Amino acid sequence: MKHSATRQTRRGRGPAHRIGRSLALVLPVVLVLSGTLAVTRVNWSGDPADSVLAASEASSAKASSAKAAKRAPHEVLRDRLLTELQEEDPGVALTHLQQAVNERPSLAGHCASIARALGRAAVKVYGPTRAQSYARPVCDTAFASGVLAAHS
């Protein structure tokens with residue numbers, strides 16, 4: 001009797017059982033491999049040139065990097081004024097900063113950070129004592145605080 005009971009249990013395990021067993025062994029391997037391949041295809045560098053994106057995604061990535069290449073007006077102004085500071089003196093740069101803020105009020109929010117950058121650059125070029133002599137009330141006392149921050 002014992003023998004016939006074993007035989008019935010084996011008969012109950014048909015092709016579906018074998019397929020399920022095979023899938024249980026193969027499926028995790030397939031999932032791991034596909035996940036690994038997916039991770040290797042992702043552009044982790046952030047550089048659109050290295051990416052393996054579809055054509056539509058690549059063109060949108062290039063458009064967004066072109067927008068990032070355009071600099072904000074306050075950054076352009078800051079760089080221009082830093083060049084003026086080195087070529088002429090901090091007084092000229094501060095005068096042009098005040099004029100730019102008067103002409104474009106949208107730059108007022110960036111005035112203090114630009115003046116501080118000018119103060120730090122003035123210390124590098126002229127030293128702390130001479131740089132402080134150019135201080136004026138452009139954007140409150142941001143230039144002077146930039147000089148102080150660079151000196152201390």
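Given the structure is predicted, the values throughout are model-derived calculations rather than measurements.
- The side-chain contact (heavy atoms from CB on, under 4.5 Å) search around A72 returns H74, E75, not counting sequence neighbours.
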Determine all donor-acceptor pairs shorter than 3.5 Å in which one atom belongs to a side chain in residues 105-120; sequence neighbours excluded.
from, atom 1, to, atom 2, distance (Å)
S113, OG, H110, O, 3.0

Could you pull out all donor-acceptor pairs under 3.5 Å where a side-chain atom in residues 84-92 meets a protein atom, sequence neighbours excluded?
from, atom 1, to, atom 2, distance (Å)
E84, OE1, H96, ND1, 2.5
E84, OE2, H96, ND1, 3.0
D89, OD1, G91, N, 2.7
D89, OD1, V92, N, 3.0

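- When the side chains of ILVMFWY residues are joined at heavy-atom separations under 4.5 Å, either directly or via intervening members, L97 and V76 end up in two distinct hydrophobic clusters.
- The side-chain contact (heavy atoms from CB on, under 4.5 Å) check on P137 picks up nothing, with sequence neighbours excluded.
- Environment of CZ in R104: sparse, with no more than 12 heavy atoms of neighbouring residues, nucleotides or ligands closer than 6.0 Å.
- Annotation: side-chain contact (heavy atoms from CB on, under 4.5 Å) contacts of R130 (sequence neighbours excluded): Y126, S133, Y134.
- Pairing each heavy atom of F143 with each of A122, the nearest pair is CZ-CB, 3.9 Å.
- Contacts of T83 classified as side-chain hydrogen bond (donor to acceptor under 3.5 Å, both in side chains), with partners at least two apart in sequence or in another chain: none.
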